[in-house]
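Accompanying notes for the structure given below.
Computed over heavy atoms, backbone and side chain alike; hydrogens, waters and symmetry mates excluded. Computed from a predicted model, the values in this text were never measured in an experiment.
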Amino acid sequence: MADNTQVMSANSIVLPRRPNPVMHFVREQPMGAASFVVIALMMFAGLFPQYVAPYDPLSINFAAILAAPSWDHWLGTDAFGRDILSRIIYGSRTALVIGFASSLLGSSIGAVLGIASAYFGGRIDTWIQRFVDILLAFPIIVLALVVVAALRKTVIYGVDVNLIIAIAIPIIPRVARVVRAAALSVNVMPYIDAARAAGYSDTRIIFRHMAPNVVAPFLIMFTAFIAQAILLEASLSFLGLGVTEPTAAWGLMLSGNAADFFREAPWMIIFPGVAISLAVFAFNLFGDSLRDYLDPRFKT
Amino acid sequence: MLVYTLKRLLLTIPTLIGVAVLLFFMLRIVPGDIVEVKLRGDGGNVTQEVVDAERKRLGLDRPLIVQFGDYMWGLARGDLGISMWTERPVIEEILIRLELSLEVAILATIFATLISIPLGTAAALFRNTWIDYVVRIITIGGLSIPSFWFGMIIMLSLLALFNWLPPITFTPIYEDPVANLSQLIWPALAVGYRYCAVTARMIRSSLLEVLAEDYIRTARAKGVYEKLVVSRHALRNALLPAITVMGLEFAFLIGGLVVTEQVFNLNGIGQLFVQSVSRNDFMLIQGMVIMIAGFYVIINLVVDLLYAVFDPRIRYGN
Amino acid sequence: MRAVQGVSYTVNRGEVVAIVGESGCGKSVSALTMMRLLAKTGRVTNGRILLEGRNLLELSDEEMRAVRGHEISMIFQEPMTSLNPVLSIGMQIMEPLLIHLKMSEEDAKKRALELMQQVGITDGERRLSQYPHQLSGGMRQRVMIAIGLACKPKLIIADEPTTALDVTIQAQILELMKNLSRDLGIALIIITHNLGIVARYADRVNVMYAANIIEKGTADDIFLKPAHPYTNGLMRSVPRLDEPRGTKLQTIEGLPPDLRMPPEGCRFAPRCPHRIEKCSQPISLVDLGGGHEARCHRVQEIFSGSLKVEFPSGSSGHAEAKVGTTPILEVSGLKKFFGVKAAGAGFFSSEMATVRAVDDVSFSIAEGETLGLVGESGCGKTTVGRVVLRLDEATGGTIKFNGTDVTHHSGREMRGLRRKIQVIFQDPYSSLNPRMTVGEIIGEPLKVYGIVPEKKARLDRIGELLTQVGLFAYMSERYPHELSGGQRQRVGIARALALEPSLIVCDEPVSALDVSIQGQVINLLEDLQARFGLTYLFIAHDLAVVRHISDRVAVMYLGKIMELADRDEIYRQPLHPYTKALLDAAPIPDPRVEKARAPRALRGEIPSPLTPPSGCVFHTRCPIATDICKQDVPKIRELKTGHLVACHHAG
Amino acid sequence: EAQQPKRGGHFNFAISAETPQYDPHGSDTYATLHFSSPFYSTLLRYNLSKFPEIEGDLAKSWTISPDKLTYTFTLHEGVKFHDGTPFTSADIKATYDRLRAPPQGVVSNRRATFADIESIETPNPTTVVFKLSKANSSMLDHFASPWNTVYSAKDLAADPNFPRTKINGTGPFTFVEHVKGSHVAGKRNENYFKKGLPYLDSYRGIFTLQAAAMLNALQGGQVLAEFRGVSPADRDRMVAAMGDKLRVEESSWTLNLLVLFNTEKPPFNDVRVRRALLMAIDRWGGSQGLAKISTLRAVGGVVRPGSPLATPEAELVKLPGFSKDMKAARAEARRLLKEAGQENLKFVLWNRNLAMPYTPAGIFLVDQWRQIGVEVEHKQSDTAPYIAAMRSGNYEVAIDFSNLFNDDPTLSLTKYLSASKNPLNLSRYDDAEIDKLYELQLRETDLQKRRGYIQALEKRLFEQAYKQPLLWWHRIVLTHKTVMGWKMSPSHNLGQDLAEVWLNQ
Ligand SMILES: Nc1ncnc2c1ncn2[C@@H]1O[C@H](COP(=O)(O)OP(=O)(O)OP(=O)(O)O)[C@@H](O)[C@H]1O
Ligand SMILES: Nc1ncnc2c1ncn2[C@@H]1O[C@H](COP(=O)(O)OP(=O)(O)OP(=O)(O)O)[C@@H](O)[C@H]1O
Ligand SMILES: [Mg+2]
Ligand SMILES: [Mg+2]
C-alpha cells in the first residue's frame, strides 16, 4: 500500500485555486452584478433616507402643490406639495421591508413544507400537497386582498405586519412546490441513502444533508419572490388596501385620485411607477442571474 | 380520455371544497358588518332595532355554523347564494360582468402566445448574443412593470399622442367589434405583457435544454436541415413546459385584471371583487373566488390534456 | 485546451477499426470532429479529415450537412436519449431518406421497413408508427443503426454503441454491426473502452491516451505484442475470465494528465514505471513494422523484450483473507415488490402494477467471505443490497445478521446494527454530498456515534482513514467535485470503513470507473478485506470483475437466483443455461480466444419485471426450454456440494 | 338663460354609484335618490330657486295651527300612479306610517325624525292631517325631505317591501329598465299631474364608478352631466379640455367632515388634550390649500356657513380651533399638552378609505398634528371595519362625517346629543347642557332665539372639544351647456326628479 501512495503523491493532481464565489459571480454574471448594485443603492436609500432625501416626505406644502420637476424639486411635487423624490426614497424602505420580510416568511414556510413533503412522503405528503393545491387555486391578489381584509391591522415599528403575512401566504404554495421537486430529486441521491445506511436521525438528514442541497432553488425563489412581493404590495396599496397615507409608499403614490392629475401633473404617475419597475426589475434580474449561476443546466 | 377527464374533474372537487371552507371562515374574521355599511355607510342615523331587523332579514343573525351549513348545502346544489349588497343571486351578479373579463383574459392570452413563441425561440437560438440580451430585458421588464401602472401609462400615451381615450361602456364583440376592441385591447395589453414575458422565458430555457439533448445531436448527425432541427425536433419538445406555465400564470392574469379593471374602469369581475371586498359582501366574494378557483383548476386540467396531445409518452388512461 | 492531438488513422471499406482509451482521452471528440459536430466551444486547430480524398474540414456547412447521415453516419452511446421522444420511429428512420435521397414518402417507407428487417426488428409495420418510449434499449439501438444505415453510408462511427446495454444485448448488437459492415462493405469505427469488444470485433486498433494515439496496429499486434507501457498496463489491469485464482491485478497508478496543461514530453511518463529523463522530450509514433506503431521512447527495448514491463500490483505481501465458517448474513426467501404505475399508462391512469424486483432470494455469507452477485440490469441486484441494508423494507422473507433476525427491526434497534453493515455505491459522483468536505463526510459518523468524540483526535482518525484508502490527509478539506472519480470512490470506501463495519454491501463499486482506476479500487477492496477481515456482498454486472474478487458467485435473473456456486466452479462448468449464456456473451480481451469462439448471442429481450414469464422466468430466452419450464417454477437445487441451480434441465 | 324650454329629447347623465335597492325610505345614499327621484313625488319639497324656501309637490297647499301641533295638507286632484291607480290621502298616510312606524322587516331611516307625529288623519281623499305630540321647528323641513317618496297604499298593503325592488310612483318619469352595473332608464310619464312636464322624452342614468371614467364620459359626451359633484382638480381639467361647452356651477355643500374624539379613551378623556389637538389645526390655511385639490373648502361651525343660522366668521374665530393666529394657537396647544403631560402624544387616526375627500383630510390632519410634535398613525379602512370600530368604541380619534340634505339644525345637531340620548353619539360623552340647548332650539319657533341657542350649543361643544367640524365640503357640478332647467343647490340629494330639465339643441 505504502508504495502506491508514494506513486500517487508523486503526481497528485494540482487543483486550480477554489475561486472566490463573489468575484466568480461578478465575472460570470455582469448583469446580475449590475442589478445587485441597484439593489444595494435602494437598500442604502431605504436604510438612511434621511441622509439621501432632500425633503421631509410627509410635510405638506400648499404653496408648492403639483409643482413640475425643477431644481428644488427634481421629480416635482404631488397634490399636497410633498417632494416626490423624497417620497420615492422613503418609499424604498417600505418596499424593501415588506418585500424582504414577506418573501422570507413565505419562502421559509414553503421550503419547510416542501422538504417535509418530499422527505416523509406518504400521508404527510398527500396532505401538504392538498393544502398547497387549495392555496394555489386562490388567485394571488385575491388571496392577499382577503387576508388583508381579514387580519386586523397591526403595526410593529411602522411595519404593517398583516400586509406582510397577506403577501407571504400566496408565496408559500409556490415555493413549496419547487422545493419539494428539488428535495425529491435529492432524496433519491445515493448520499442520502448513505446517510440513512449510517443510521442518522431524520432531523440530521434533513438539515445536514438535504437542506443544503436545495438551497439553490430556495435562494432563487427567494429573490424572485422579493420582486413579486414588492409588486404585490404596490398593487394592494394601489387598491387602497396596503399601506395607508401619508406613509411614503410607491404603490400608494399611484393610488386614489393620483390618476385624476395625470393631465396637469404626469410626473406624479410616471416617477413612482418607474421606481417600482426599476426595483422589481433589479431583483428579477438578480434572481435570474443567480439561477443561471447556480443551476448547472444553464452553464455553458 | 373521457374517463380520465371525468376522474380529474372529480379530483378537483375536494380542492374547491377546501377553498370554500377556508374562505368562508377567513372572511368571517373580517371586522364590520355589511348591514351597518348599508344603513349607516352614508351617515344615516338609524336605530339599532332597524339594523337588527335587517340582519335578521338577511339571516345574518343565525349562528355561524348554521350559515356555513346553509352555504355548503347551497354549493352542493350549485347555488352560490344571494349577494348581501344587492340581494340578487351571486351567479347573476357575476354573469353580468363575466363576458368582459373573460374577453380581456382571452385577448391577453392570444397576445401572449403570439409574441412569446418567436421571442423565446430567438433568444434561445441566439443565446448570449445581443438578441438574447434584448429579449431578456424585455421579458424581465414584463415581470417587473406593475400592470396597473402600465395601464395608466398606456392611457397617458393615448391621451398625449392622440388626445383619445377608450370608450367606457362595454359593447359586446358580436355587436360592434371595433368599439369592443378599441375598449378592451388596452387592458389586454396591460395584463398580457407579463403573461407573454413569462411564457417567452419558459420557452427560451426549455428550448435551451432541449437543444442540448442527445436526440438533437442525432438529428444533426442525420444531416437534417438546421431549420427542421429547430422546428421539428426541438420546438415540439420545448413547448410542453411553456404550456404548463401558461396554465399556472392564469392566477397572475386574474390578479392583473383586478387592478387593471380599476385603471380602465371596466365593469368586470375584478372591479366587482374590489367593490365587494370594500363592502364586506362575503357571499359575492365567496362566489367569485370559488368560480375563479374553478377556472384555474379547469385550465390546468386542459393543460394536462394538451400535454397528452403533444407528448406520445403520455397515454390516456382507459 | 487540446482535447485531441496528433490523432491520425485511416479506415478502409468493410473494415472495423476500434478506438480504445480511458474516458476523457478524446475518443468522442475526435469522432465528433469527423462529423464536424463539435459544440461551438470546440474547434479544429489544424489537421485534415479525408473522405475518399475530400477534406471534410474544407467543406462549407451546407456541404458538410449533405455529407452527414449520407456518406458518414454516427451511432451514439445513449439509445435511451438519442431518439426524439415525440417523433415516430418511422419518421425518424425516413428523415435522412427524404432529405438526402429525396425519396417519396412511400419509397422511404418501403426502405424503412427493409432497414428494420436488416437490423433484426420484426413486425416493422407496427414499429414504424410507434414512439421511442415503447421500445427497449436494445431495440432503440437497432433503430439508431437502421437510421445510420439508411443512406448506405461509406463510414459509420459508433461511439460506445453498447456501453449502456446488457452483455447479452451487447453481443447481439455488435454481431449485427460487424456483419452489416462486412456485407455492405461499410467502414466501421467503434469507439469503446471495453478491451474485450475490441479483441472480438476489431480488425485494427488505435489506443488513445490523453488525447494522443499512443499505439496502433492490428488487434493481434495490440493484444499479443503490446509495445507501449500504457497498453501493457491496460491489458494487465483488467480482470480476465481466463485467469488463475488469486492473482493480483497490476495497476497503473495515478491519473491521466489534465489536458489543459499536458506534460510536453511523453504524456504517459508521469505514470510510467519505466520512465527515464528522455521521456520528458516530445515523441512521435515509432513504426514497428506491419502498421504497428507506438509513441514511446523505449518502445524498441520493450518490443525486443530486453525491457520487461512491470506494474506495481496492489498489496504485495498481504495474505489472502481467511474465510470463516459462521454465516454473518443469512437471507432466506427474500421478496421485494414495488408498486408502480402500470407501464405505458403514463400519468393519465392511476392503475398500479407490482414490480417483482426481488422474488424469493436466499443466500448466506460467511465471515470474511465475498459473495458476488451478478446479473443484467434490472434483475434486482441493487434491490437485494438495499433490502439487506434495510433502506427498503422487505416484502417477504427474513434477513439474519449474526444469527439475529433483523428483518423488522425498528429504527432504534437498527441503530446499533447500522454500524456493522455499511455500503459502497456505484456512482462516485452522486454518492458524496456535494456540500460537505471530504473531512466532514468521513468525520460525520465518527461524531454522530461518538466513536471519536473530540475534534483533534477525529482529525487524526480521518487522516488515517484517508491514507488507508490511498488518499492523503490534506484532501480532507476538499469538496467532492475537486476529486477524480477514483478518488471519490476511495472517499466513499473510507466513509464506510469509518464505522468499522463487519459487512459491506458494494453495489457496483467499480462499474463507473476506468479500467486502470478499476484495478486500483479492486485491489484496495481486497487489501482492506485482508486487513480488517471484512465481509463483502459484491454486486456487479461485469462477470470478470466478480469472478476476480469473489469467493462464491450468485447469478440473478429477473429477481431470482439462477445459480449459486464457488466462483471457479461456476465459471468452469456453469450448469444453468443463463449462466452459460452470460459467460458466452462476455468477450475476453484476447483475439485468439475470441476469434476462435463461434458467433453466439442469446436471442430475445429481457422481459419486463412487471410481467415476468410464467414458470421459469428464463424460458422465453432459454435455448433448451421445454413445456415444464413454461408451467412450473424450478426449485433451486444443490446439484453438487455448494453448487445450487434453479433449472429443470440442469445436471 | 330665460329661454323657452324645448320639449323632447333623450338625456344621459352619470351616477357615480349604483344603489343596491330602490327605496329611499331605507337609504341614505344619493345613489338611491338619483336613481329613484324621477319616478316619485313627495309631499313638499324645496324651491331650489329660493332655497331653503319650501313649496308643495303633491300638496297643493297647507296650513299649520298656531300651536304648531297640527299640519293640514290639501292635495292635488287627478294624480295617478304609474300603474293607473288614482292617488289619494290614504297613500300619504300609508307612506308616512311606513316612515314613522315601519312594519316588521321594513327599513325606515326616518323613524326618529317623525317620532313627534302622533297621528295621521285623512278626512277626505284630498286632505291629510298630521297631529304632533310636541311642537317641532323642523317639521316642515322633514316633510320637504327628498327621502320621503310617496308610495301607493295598495302596493304597500300587498308587500311592505314592494318599493325596495319595484317602482310605482307618481313622479314625472316611468321606470323602463335597470341594467345592473350599467344604467337605469326612464321615459316621460304622459299623465304627470304637473301639466306640460316633464320636458324630456326619456333619460338614462349611467353608473360610472371611477371618477376618471365619469370625466372621460362627460368629456366624450357619452353623458351630459353628473349631479353629485367633482373635485376642483377635475373641474380645472374638464374646463381645460372642454372650454365653453361646459357649464360649471358651484355652491357650498351641506356636508362636512368632523374631528371626533373617543372621550372614554385616555388621554382623550382630558379636555385639554382634545382642545390642544383642535387648536393645532390651521383651518383657514388648510381650506385654501385643500380647496385646490379636494372637495373640502368652507370653514364653519355646526351649521353650514352661509346658511341663515350659521355663525358669522367674526364670532367663529373666537372659538377654539378657529383662530387665524396659528403661531399663538399652536403654542397654546403645546402648552395644554404639556400641562396634561402629553408632550409626545401618539395615537391612531381612523379614517374611511375613500379617495375624496377623506384621504386628503387625513393627510392634512396628520401633518397639522405633527407640527405640535404629536405622532399620528393614519389608519384608513373600508366602511365596514370603520363603522364597526366607531360603534364598538375601540378607536381614539377619527374623522367623522355628516351627510345632510338641508340646513335644518335639528338633523345636524342630533349628532351632538349625549350618548345616553343618542346611541349614535360616537364620542360617547354625556353633556346635559348640550342636550338642554338642543331641546330648546328644537322647540323654539323664534328664529333669533333659536340662533342664540344653537350658538350657545356650538360654543359649549367646541370648548369641551368632543367633536368639531373640520371643514365643510364645496359642491362643483359640471354639465354640458345644452342641459337646461336643472337647479344647483347646496345638497346633491335635492331636486333630482328631472321634471324641468330640458335639452337645448
Ligand atoms: N464540448 C466540450 N467543451 C469542452 N471540453 C470538452 C467538450 N467535449 C469534451 N471535452 C473534453 O475533451 C476531452 C475528451 O472528451 P471525450 O468526450 O472525447 O472523451 P471520451 O474519450 O469520449 O470519454 P468517454 O469515454 O467518457 O466518452 C475531455 O477532457 C472532455 O472534458
Ligand atoms: N423504487 C423503485 N420503485 C419501483 N421499481 C423499482 C424501484 N427500484 C427498483 N425498481 C425496479 O426493480 C427492478 C430491479 O431494480 P434494481 O435496481 O435492483 O436492478 P439492478 O440489478 O440493480 O439493475 P442495475 O444493474 O441497472 O443496477 C428494476 O426493474 C427496477 O425498475
Ligand atoms: Mg465519449
Ligand atoms: Mg443496480
Answer with side chain, backbone, both or neither: which region of [X] has an atom nearer than 4.5 Å to a non-hydrogen atom of chain A?
{"X": "Ile137(B)", "answer": "both"}
{"X": "Val274(B)", "answer": "side chain"}
{"X": "Ile153(B)", "answer": "side chain"}
{"X": "Met152(B)", "answer": "side chain"}
{"X": "Arg201(B)", "answer": "side chain"}

Handout entry: Euclidean distance, Leu156(B) CG relative to Ile269(A) CD1, rounded to 0.5 Å
Key =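 Atom-to-atom, Ile269(A):CD1 and Leu156(B):CG are 6.0 Å apart.
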Practice task
Look up atom CZ in Phe138(A) and atom CD1 in Ile290(B), then write down how far apart they are to the nearest 0.5 Å.
Solution key: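 Phe138(A) CZ to Ile290(B) CD1: 8.5 Å, rounded to 0.5 Å.
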Handout entry: Check: Arg136(B) and Ser289(A) side chains under 4.5 Å, non-hydrogen atoms
Key =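 Sidechains of Arg136(B) and Ser289(A): in contact.
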Exercise for the section: Decide yes or no for Leu136(A) and Thr15(B): does some side-chain heavy atom of the first lie under 4.5 Å from some side-chain heavy atom of the second? Expected result: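 Not in contact.
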Which atoms form the tightest heavy-atom contact between [X] and [Y], and what is the distance?
{"X": "Trp149(B)", "Y": "Ile270(A)", "value": "CZ2-O, 3.4 Å"}
{"X": "Val263(B)", "Y": "Phe238(A)", "value": "CG2-CZ, 3.7 Å"}
{"X": "Pro146(B)", "Y": "Ser277(A)", "value": "CD-OG, 3.5 Å"}
{"X": "Leu143(B)", "Y": "Gln228(A)", "value": "O-NE2, 4.2 Å"}

Handout entry: Pairs of heavy atoms under 4.5 Å with chain A: top-ranked of Leu16(B), Val259(B), Val258(B)
Key =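 Looking at each of Leu16(B), Val259(B), Val258(B) in turn, Val259(B) comes out on top.
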Problem - Partner chain A: residue of Asn280(B), Ile285(B), Val297(B), Leu23(B) with the largest heavy-atom pair count (under 4.5 Å) - result: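 So the answer, after comparing Asn280(B), Ile285(B), Val297(B), Leu23(B), is Leu23(B).
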Handout entry: Residues, nucleotides or ligands: over 12 heavy atoms within 6.0 Å of Phe25(A) CZ
Key =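 Count over threshold, so yes.
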Problem - Residue pair Ile276(A), Ile145(B): steps toward the side chain to side chain contact (heavy atoms under 4.5 Å, CB included) verdict - result: CA-CA 7 Å; Ile276(A) 301 174; Ile145(B) 295 177; over 6 Å; no
Exercise for the section: Please assess Leu239(A) against Phe148(B) for the test side chain to side chain contact (heavy atoms under 4.5 Å, CB included), listing each intermediate value before the final yes or no. Expected result: CA-CA 10 Å; Leu239(A) 294 175; Phe148(B) 61 88; over 6 Å; no
Problem - Ala234(A), part contacting chain B, at a heavy-atom distance under 4.5 Å - result: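 Both backbone and side chain.
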